[in-house]
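First the structure, in the form of structure tokens, and then the observations on it.
Chain A is the first sequence line, chain B the second, and so forth, proteins listed ahead of strands; every chain is numbered from 1. Remember, predicted model here, so these are calculated numbers, not experimental data.
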2 protein chains.
Amino acid sequence: MLINIDLQANEPIYEQLKNQIMIRIARKELKPGDGLPSVRIFAADLGINLHTVNKAYQQLKQEGFILIHRQKGVVINPEIPSADGEYEEKLTRLLRPLIAESACRGMTEVEFTSFCRQLFHQLTEEGDEG
Amino acid sequence: MLINIDLQANEPIYEQLKNQIMIRIARKELKPGDGLPSVRIFAADLGINLHTVNKAYQQLKQEGFILIHRQKGVVINPEIPSADGEYEEKLTRLLRPLIAESACRGMTEVEFTSFCRQLFHQLTEEGDEG
DNA sequence: TTAACTGTTATATTTAAAGTATAACAGTTA
DNA sequence: TAACTGTTATACTTTAAATATAACAGTTAA
């Protein structure tokens, strides 16, 4: 698990952890059924507290990305819930300010969507680890 | 200035304010040279503190969206800085987690970019106020 | 059985950000 | 002079994030 955490960043550590794990699932560096470190091991590796890892795990579990078996450990969910109406609402809420600022700064619709397409590519096609 | 603020939301009030103003600039409901309420008036209208409005204004000024003349008030900047490398870095940092989660949830590149295109349209083409 | 490991829960504490409450200053305008 | 600007300063409360310990319940291997 090559995870980089920036302790100085504005973004909360547990959010960074969630994002890093989701990014690795998208890149297929983490595949369905793959295991994640225990909260204690992961916390020790990253030099952070056990509860911070646990908070990330609990939210990832709540959102359907991982399964937690009491003594078997943490595993990537083979059936991550598809994007539904609720998720699209969340996505809209988060994307709208980014699109607004980009438009204010002169980016066209084509420029913005091309930018997204390129990022999407990097996240799903790049790398040899998957 | 029809601005809606949700005092119960997780998103900080000054962030909501910044976003609402940027969205209205993108929609051309706010045009170059248009004035914004004074910090005191705006705060009173929204039922919040003067400093919260001031914080939003200071950041919008810092990012080039507004001009502040000491006694003349606050005005939409006619020359909002274009998207540069630094902005694209920020945009990448904010978009990557959204794209990763969308990919995990089965959205394709086409579906995601279409979603963005639609949102972009709503923000720049919709409404009669502009 | 014992020891070592899981996730989970509880409690207490520290730190930083967000927001509020007042107050004052300096400059402009009617 | 009075009323309005943005700005700055100080003090306070509330909340979220993160840490520090400790313990519990269940599993697994020695």
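Lys18(B) pairs by the salt bridge (Lys or Arg N to Asp or Glu O under 4.0 Å) definition with Glu63(B), not counting sequence neighbours. Remark: Asn54(B) engages no residue in a side-chain hydrogen bond (donor to acceptor under 3.5 Å, both in side chains) (not counting sequence neighbours). Not counting sequence neighbours, the partners of Arg117(A) by the side chain to side chain contact (heavy atoms under 4.5 Å, CB included) test are Thr113(A), Ser114(A), Glu109(B), Thr113(B). For Lys61(B), there are no salt bridge (Lys or Arg N to Asp or Glu O under 4.0 Å) partners two or more places apart in sequence or in a different chain. Partners of Asn49(B) under the side chain to side chain contact (heavy atoms under 4.5 Å, CB included) rule, at least two apart in sequence or in another chain, are His51(B), Thr52(B). Arg96(A) is linked by a salt bridge (Lys or Arg N to Asp or Glu O under 4.0 Å) to nothing, counting only residues two or more places apart in sequence or in another chain. By the side chain to side chain contact (heavy atoms under 4.5 Å, CB included) test, Ala9(A) pairs with Asp6(A), Gln16(A), sequence neighbours left out.
The stretch residues 53-69 of chain A touches DNA chain C through Asn54(A), Gln58(A), Lys61(A), Ile68(A), each having a heavy atom under 4.0 angstrom from the strand. Sorted by residue number, the members of residues 44-52 of chain A with any non-hydrogen atom under 4.0 Å from DNA chain D read Ile48(A), Asn49(A), His51(A), Thr52(A).
The separation between Ile13(A) atom CD1 and dA17(D) atom P is 11 Å, rounded to whole Å. Straight-line distance from the OH atom of Tyr14(A) to the P atom of dA18(D): 7 Å, rounded to whole Å.
Among residues at least two apart or in separate chains, there is no salt bridge (charged side-chain N to carboxylate O under 4.0 Å, His left out) pair with a member in residues 38-57 of chain B.
Closest of all the heavy-atom pairs between Ile48(B) and Ile13(B) is CD1-CG2, 3.8 Å.
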Handout entry: Working for side-chain contact (heavy atoms from CB on, under 4.5 Å), residues Tyr57(B) and Ile66(B)
Key = CA-CA 8 Å; Tyr57(B) 276 1; Ile66(B) 61 176; 4.1 Å; yes
Exercise for the section: Would you sort out whether Ser82(B) and Tyr87(B) count as a side chain to side chain donor-acceptor pair (under 3.5 Å), showing the intermediate values? Expected result: CA-CA 9 Å; Ser82(B) 294; Tyr87(B) 177 69; over 6 Å; no
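Counting 5' to 3', DNA chain C first comes under 4.0 angstrom of a heavy atom of chain A and last does so at the ends given by dT6(C) to dA10(C).
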Problem - Watson-Crick or G-U pairs under 3.5 Å in DNA chain C, rendered as dot-bracket with [ ] for crossing pairs and | for another strand - result: ||||||||||||||||||||||||||||||
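When atom types are taken as modelled, the side chain of Asn77(A) and the backbone of Leu67(A) share no donor-acceptor pair closer than 3.5 angstrom.
Mapping Arg40(B) and Ser38(A) onto DNA chain C via the closest heavy atom, the residue that lands nearer the 5' end is Ser38(A).
Using a 4.0 Å heavy-atom distance criterion, Leu7(A) is classed as making no nucleic acid contact.
Remark: Arg105(A) engages Glu101(A) in a salt bridge, criterion side-chain N to carboxylate O under 4.0 Å.
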